[in-house]
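Taking it in order: structure first as structure tokens, then the write-up.
Predicted, not measured: the structure shown is a model, and the values here were computed from it. Quick note on labels: first sequence line is chain A, next is B, and so on, each numbered from 1.
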Amino acid sequence: MTNIPKHYDPSREDEIYARWLERGYFNAAVNEERAPYAIMIPPPNITDKLHIGHAFNAAVQDVLIRAKRMQGYEALWMPGTDHAAISTEVQVVKAIAKEGKTKEGMGREAFLARVWEWQEEYGSTIVNQFKKIGASCDWERERFTMDEGLNAAVLEAFERLYNEGKIYRGERLVNWCVKCRTTISDAEVEHEDGEGRLYHFSYKLADGSSTISFATTRPETMLGDTAVAVHPEDERYAAFVGKKVIVPLFEKGREIPVIADSYVDREYGTGVVKITPAHDPNDFEIGVRHKLPIINIMNDDGTINENGGAYTGLTREEARAKIIADMTASGLFIKEEKINHAKGTHDRCHEVIEPLVKLQWFLQMEELAKPALEAYTSGKLKFNRERYGKIYAHWLNNIRDWCISRQIWWGHRIPAYYCEAGHVTVSKDAPVACGTCGATDLRQDEDTLDTWFSSALWPFSTLGWPNKTKELDYFYPTNVLSTAQEIIFFWVVRMVFMGMKFMGDIPFTHVLIHGTVVDEHGKKMSKSVGNGIDPLEVVEKFGADALRLTLLNGNAIDSNTRFYWERVEFSRNFMNKLWNATRFVLMNLEDGSVPVFGENIPALPVEDRWIISHANALVREVTEKIDAHELGMATQKIVDFIWDEFCDWYVEMVKPRLRNAETKPQALGTLIRVLSRCLKLLHPVTPFITEDLFLALNKDAETVMRAPWPTFDAEKEDPQAEKDIEAIKELVRGVRNIRSEKQVPPGQKITVQIFPSDEKMHGLFSQCVPFILVLCNASEIELLGSAPASGEGVVSLVVVGATVYLPLASLVDSEKERVRLTKEQKRLTQEITRIDGKLANEGYMAKAPAQLIDAERAKRVEFAAMLEKVEAELKGMVK
RNA sequence: GGGAGCAUAGCUCAGUUGGGAGAGCGCAUGCCUUACAAGCAUGAUGUCGUUGGUUCAAGUCCAUCUGUUCCCACCA
């Protein structure tokens, strides 16, 4: 009969995607006739494989882009990848280790050549995976953070910031990862709570008069102590200030001063703090204030350096143990206690961070932060939830200078050059001579830039900056930046201040922060736990549409989403429902019927007017929800409409008309009209199936992707039709309920007698007889002119606009009927009492909106009429 | 230490200007009704975490407590 398969099969997705690509539907170009709409993809790392988080974020962005594209915007979704400095370098180092090589052994150039090879081999993996899930990025514009153009942007930005004095080089305390052997920024430090030990020791005064005791969690840093500090107003120690104490760990001991600084908390511990400027941020500050010497005691690998005397060469842990032992031997160890405290660790490798003083490059943040903060406080930059804006503002308010140099090779090499004399020349183009002394023998800085430096420029570097391009003019600032909460300070903040700095404007107007996809128990998915879901496995089994629908449907965008397979099955089932609804329409077209699209809507049957009115309202709701970035709600509304209203009610209602050659064309017209609208509305969420079905339904159409988005039309609103059909649905539900309750066999046809409450209802029911018959599984519908004489074996049912009688003879137990009707009587009486209570409430009458009061009054009238009928039925039974 | 979120049906969750509690899954019952059993129909289940406050009206706003999750953080 039909060659369309009975079940939906997602295996054609690749083919559909290829066709879109081929036809260039994803491409966007400067077009003054259209308004621009742009989203810059958060570039995935080249080391990444598509995980469920990428898939979720991609789905969100793709919905927005596809909807806006259909709405007539020139919609650009800019794709690309990030070089992911440390992550990539670590991966490649691992790879070459298997060949017995080290990066130092290979040398910088050979190693980088190797990373580029690696990038070429694996860098496109993630891109292809994005395609697999239907992302409609403009792939012809794909960028990479280390491609030529972006490299130029990075150098330009560095040079300008340096020339303005915003980038400086200095010895500062930085976060040092002894495993990766590089500095990392504050944002990359994770604090992990763990059990630690607090050790209490004493130092003797140099004059031998007394001792002073203190506590530390890191005894090994005692090797770098250059002072002991107390609070200036602490009377207990007033006499000690200015005296010397002895750090005993060295052969001759080292004398260090007792200083007074208000940083010290008198209440905490003994009120004494040992000061190690080289290895603690606070101590560093105090060291600067008191001009204390800075003694670095640690090598880059975390072992004790030559300043550690007898401890030189030991690891951190070994040195700690030995110091405790030695202090104990000297009688200066007091006690140790277990405490909970947070340790800073590297977010990539989870190694404990060592604060070290190093010569590094920094970006001065104070001035850059101001306009970025202002952009938010002025309301220009918006977050989808205020609390995310607060996180943003809090970060900017507490910002410290950004350490931008990294001691790794993979990345943008810092464009600073040194001559023999040590002069620094910074230039985006490799200089031939020193800017200070003219020396020509120049050596470039070994360090590279933090990977986020180039990402910070992404919204404009991808559009051609520093060149003035028409793309920049047109698409910048972009519209939405979609990402997860933890990226706010890594990236969002930095894009904004760089955008303000170099473009004079925010990079995007809306920041959309979404939740995390977690496993079925609410746990974060992680490789080590092994609870991760591979999105490609989902695509393999159920298709990309089902994956996308699962991630979006019904989820509040800012809360975490639990992923479990039953949800995917539901999505798949919905795809199948949609598939079959369309298949049903197509089957009806197979006899050559030509649908008639009734332009004169008021002339259409009430069920058509109802579904058109309903679909019209849906368009408004969905459009509003998408504009508000509430995609879960938008999706759910479409799904509910298609399944509940369109399939379960409307399609059933028109079946009788489809069997009649005369009424069929018009019914087909409305079916196709409404279904096509649904497919358009759903297309951003499930692009593949909607394309397939839309083209099957609209033979002349080229694609649904570029079809105009449906628009809300106030003239199509038909509250009367909605009310009428609601009455009919209630009647049908009532009859079905009775059938089910009385266990009338499905095969048994029944007669439904309807006594309408007035002429208008009579007219309505008589129009709808054909489908009421089908929906109630009745053999006959009788429209009565008056209430029938009550009799045994008849069930009566009071609904809005009618009393319905079902002669079911022996199936009816009159006693049970009386109970049922009495229950109904009670319910209606309660409703009326409730409304009367409200209407008698002076406060309510005075302050509630008139609309609401009118609605309550109308309901009262309705309930009263129903109650009257129910009571009449009861009275009839008593007779 | 500071901040934020969440707590609604057995499970997972919607419920954004305060106006008579919802969905999916699961469960029960009956159906292969020629689009779909990946389906259809019918049904049962909630003191909307606690206590208080604002209001004519609170799942919704405010406060408190309890439980839970997350983020930030240099207290030795």
Could you check whether A:Asp648 gets within reach of a base, just the sugar-phosphate, or nothing at all, counting any heavy atom under 4.0 Å?
-> sugar-phosphate
Short side-chain N/O contact to B:U69 OP1/OP2 from A:Lys523, under 4.0 Å = no
A:Arg834 side chain to A:Thr829 backbone, donor-acceptor under 3.5 Å = no
For B:C70, take OP1 and OP2 only and decide whether either is under 4.0 Å from a side-chain N or O of A:Asn560.
-> no
Given the P atoms of B:C72 and B:U55, what is the spacing between them in whole Å?
-> 41 Å
Assign the ring pair A:Phe240 / A:Tyr237 to parallel, tilted or perpendicular, where the plane angle (0 to 90°) is split at 30° and 60°.
-> perpendicular
Determine, stepwise, if the pair A:Asp225 / A:Tyr203 fulfils side chain to side chain donor-acceptor pair (under 3.5 Å).
-> CA-CA 11 Å; A:Asp225 282 359; A:Tyr203 281 159; 2.8 Å; yes
Below 4.0 Å: OP1/OP2 of B:C40 and any side-chain N or O of A:Trp643 | yes
Name the nucleic acid region contacted by A:Phe570, choosing base, sugar-phosphate or nothing; use a 4.0 angstrom heavy-atom cut-off, strictly under.
-> sugar-phosphate
Which value, in whole Å, describes the distance between the P atoms of nucleotides B:G59 and B:A9?
-> 15 Å
Determine, using ring centers only, whether A:Trp395 and A:Tyr376 are less than 6.0 Å apart.
-> no
Candidate nucleotides B:C36, B:U42, B:C74, ranked by approach to the side chain of A:Pro281 - the nearest | B:C74
A:Thr217, nearest nucleotide to its side chain (from B:C56, B:A76, B:A38) = B:A76
Distance, C1' atom - from B:U42 to B:A35, rounded to whole angstrom | 22 Å
Which nucleotide sits closest to the side chain of A:His7: B:A14, B:A73, B:A37?
-> B:A37
Report yes if a side-chain nitrogen or oxygen of A:Tyr564 is closer than 4.0 Å to either non-bridging phosphate oxygen (OP1 or OP2) of B:U12; otherwise report no.
-> no
Rounded to whole angstrom units, what separation is found between the CG atom of A:Leu811 and the C1' atom of B:G30?
-> 14 Å
Residue-phosphate contact under 4.0 Å: A:Thr550 side-chain N/O, B:G24 OP1/OP2 = no
Looking only at side-chain N and O atoms, does A:Arg385 come under 4.0 Å of OP1 or OP2 in B:U16?
-> no
Separation of the P atoms in B:A73 and B:G3, to the nearest angstrom = 15 Å
Kindly point out which of B:A14, B:G19, B:A35 is positioned nearest to the side chain of A:Pro849?
-> B:G19
With a 4.0 Å cut-off on heavy atoms, is A:Pro745 in touch with a base, just the backbone sugar-phosphate, or nothing at all?
-> nothing
Which nucleotide, B:C13, B:A38, B:C74, lies nearest any side-chain atom of A:Arg562?
-> B:C13
Would you indicate what A:Asn841 reaches in the nucleic acid, counting non-hydrogen atoms under 4.0 angstrom: base, sugar-phosphate, or nothing?
-> sugar-phosphate
Can you tell me the distance, in whole Å, between the CG atom of A:Asn737 and the C1' atom of B:C40?
-> 16 Å
Considering only side-chain heavy atoms of A:Glu566, which listed nucleotide, B:C25, B:U42, B:A41, is closest?
-> B:C25
Under 4.0 angstrom, heavy atoms only, what part of the nucleic acid is A:Ala556 near: base, sugar-phosphate, or nothing?
-> sugar-phosphate
Between A:Asp644 and A:Glu741, who's closer to the 5' end of RNA chain B by nearest nucleotide?
-> A:Asp644
With sugar-phosphate meaning primed atoms plus P, OP1 and OP2, does A:Met845 contact a base, only sugar-phosphate, or nothing at under 4.0 Å between heavy atoms?
-> nothing
Write down the partner of B:U33 under the Watson-Crick or G-U wobble criteria, each distance required to be under 3.5 Å.
-> none
With a 3.5 angstrom cut-off on both distances, give the Watson-Crick or G-U wobble partner of B:G22, or none if there isn't one.
-> B:C13
Pick the C1' atom in B:C27 and in B:G19, then give their distance to the nearest Å.
-> 34 Å
Between A:Thr276 and A:Lys274, is any side-chain donor less than 3.5 angstrom from a side-chain acceptor?
-> yes
Classify the nucleic acid contact of A:Glu630 as base, sugar-phosphate or nothing, counting any heavy atom under 4.0 Å across all strands shown.
-> base
Please report, rounded to the nearest Å, how far the C1' atom of B:G3 is from the NE2 atom of A:His191.
-> 15 Å
Just call it for A:Lys390: base, sugar-phosphate, or nothing, with non-hydrogen atoms closer than 4.0 Å on any strand.
-> nothing
Identity of whatever pairs with B:G67 - Watson-Crick or G-U, under 3.5 angstrom = B:C6
Quickly work out the A:Asn282 CG to B:C74 C1' distance and round it to whole Å.
-> 4 Å
Euclidean distance, atom CH2 of residue A:Trp579 to atom P of B:A35 [Å, nearest integer] | 17 Å
Rounded distance (Å) that lies between atom P of B:G39 and atom CD of A:Glu569 | 10 Å
For A:Ile488 and B:G5, what is the distance between atoms CD1 and P respectively, to the nearest whole Å?
-> 13 Å
Can you find an N or O donor on one side and an acceptor on the other, under 3.5 Å apart, linking the side chain of A:Lys6 with the base of B:C36?
-> no
Which nucleotide, B:A37, B:C40, B:A35, lies nearest any side-chain atom of A:Asn580?
-> B:A35
Looking across every strand, which nucleic acid part, if any, lies under 4.0 Å from A:Glu652 by heavy atom: base, sugar-phosphate, or nothing?
-> base
Out of B:U12, B:A73, B:G5, which has the shortest distance to the side chain of A:Trp395?
-> B:A73
Would you confirm whether the ring centroid of A:Trp491 sits within less than 6.0 angstrom of the ring centroid of A:Phe489?
-> no
Report which part of the nucleic acid A:Asp265 touches: base, sugar-phosphate, or nothing (heavy-atom distance under 4.0 Å, all strands).
-> base
Is it the case that more than 12 heavy atoms not belonging to A:Glu267 sit under 6.0 Å from its CD atom?
-> no
For the side chain of A:Lys524 and the backbone of A:Thr516, is there at least one donor-acceptor N/O pair under 3.5 Å apart?
-> no
Name the closest nucleotide to the A:Lys847 side chain, picking from B:C74, B:U55, B:A76.
-> B:U55
How is A:Phe574 classified with respect to the nucleic acid when contacts are heavy atoms under 4.0 Å: base, sugar-phosphate, or nothing?
-> nothing
Spacing between A:Leu198 atom CG and B:C75 atom C1', to the nearest angstrom = 11 Å
Counterpart base for B:G1, defined by Watson-Crick or G-U wobble contacts under 3.5 Å = B:C72
Base-pairing mate for B:G43 - Watson-Crick or G-U, with both contacts under 3.5 Å = B:C27
Go through the N and O atoms of the side chain of A:Arg572 and the base of B:A38, and report whether any donor-acceptor pair is under 3.5 Å.
-> yes
Given B:C56, B:A35, B:A76, the nucleotide with the shortest approach to the side chain of A:Ala581 | B:A35
Does A:Asp283 reach the main-chain N or O of A:His279 with its side chain, forming a donor-acceptor pair under 3.5 Å?
-> no
Do A:Ser185 and A:Glu188 get their side chains close enough for a donor-acceptor pair, meaning under 3.5 Å?
-> yes
Which part of the nucleic acid, if any, lies within contact of A:Trp649, taking any heavy atom under 4.0 Å across all strands shown: a base, the sugar-phosphate backbone alone, or nothing?
-> nothing
At under 4.0 Å between heavy atoms, what does A:Lys742 touch on the DNA or RNA strands: base, sugar-phosphate, or nothing?
-> nothing
For B:C48, the Watson-Crick or wobble partner whose two distances fall under 3.5 Å = none
Determine the contact category for A:Phe641: base if any of its heavy atoms lies under 4.0 Å from a base atom, sugar-phosphate if only primed atoms, P, OP1 or OP2 are that close, otherwise nothing.
-> nothing
